[in-house]
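Worksheet for the structure shown next.
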Amino acid sequence: MKKYPANLSVAALSYFFGTVLMCTTAFFMVKEPLDWKLTQSEVLAVIYAVSYIKIFFSSTHMFLVESFDTISSGFSSL
């Protein structure tokens with residue numbers, strides 16, 4: 001099994017393509033342009049949620065990659 005040297009790049013690319021897909025879907029699903037307008041508290045909630053989720057998923061992703069590398073190296077020695 002090959003080890004990809006830039007684990008965060010893979011995660012960043014997957015997050016980017018997921019974001020593009022969700023924004024494209026939302027663009028076609030929302031009919032009223034005023035539905036895109038956010039209040040100040042909604043903007044702060046979005047910023048807080050995105051930063052929290054980014055930290056959580058990045059740390060979880062790195063933990064799983066390191067765990068998987070440890071497990072796969074154990075199998076390759078068998």
Side-chain angles (χ1 to χ4, degrees):
M1 181 175 295
K2 290 184 180 181
K3 182 177 177 184
Y4 190 72
N7 295 323
L8 287 178
S9 295
V10 174
L13 280 174
S14 66
Y15 294 151
F16 173 75
F17 286 120
T19 302
V20 169
L21 180 64
M22 287 188 294
C23 289
T24 304
T25 304
F27 178 75
F28 287 110
M29 296 299 287
V30 175
K31 303 295 182 199
E32 279 296 319
L34 292 178
D35 290 341
W36 290 98
K37 188 173 182 178
L38 299 176
T39 63
Q40 183 179 4
S41 62
E42 291 172 334
V43 171
L44 291 175
V46 168
I47 291 170
Y48 176 75
V50 168
S51 62
Y52 176 77
I53 288 173
K54 182 179 186 241
I55 292 168
F56 176 75
F57 281 121
S58 294
S59 60
T60 304
H61 179 261
M62 291 304 296
F63 172 75
L64 291 174
V65 166
E66 292 298 322
S67 297
F68 183 72
D69 285 345
T70 305
I71 293 169
S72 64
S73 66
F75 282 121
S76 64
S77 65
L78 291 177

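Predicted, not measured: the structure shown is a model, and the values here were computed from it.
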Query raised in the report: Residues sharing Trp36's hydrophobic cluster, by side-chain heavy-atom contacts under 4.5 Å among ILVMFWY, directly or via others?
Result: Val30
Report task. May I ask whether Leu38 and Ile47 are part of the same hydrophobic cluster, defined by side-chain heavy atoms of I, L, V, M, F, W, Y residues being less than 4.5 angstrom apart, directly or through others? Result -> yes
Report summary line: Here the pair of heavy atoms bringing Glu42 nearest to Lys37 is OE1-O, 4.2 Å
Requested in this report: Please examine the side chains of Leu44 and Tyr48, heavy atoms only from C-beta on, and report whether any two atoms are closer than 4.5 Å.
Outcome: no
Report summary line: The side-chain contact (heavy atoms from CB on, under 4.5 Å) partners of Glu32 (sequence neighbours excluded) come to Asp35
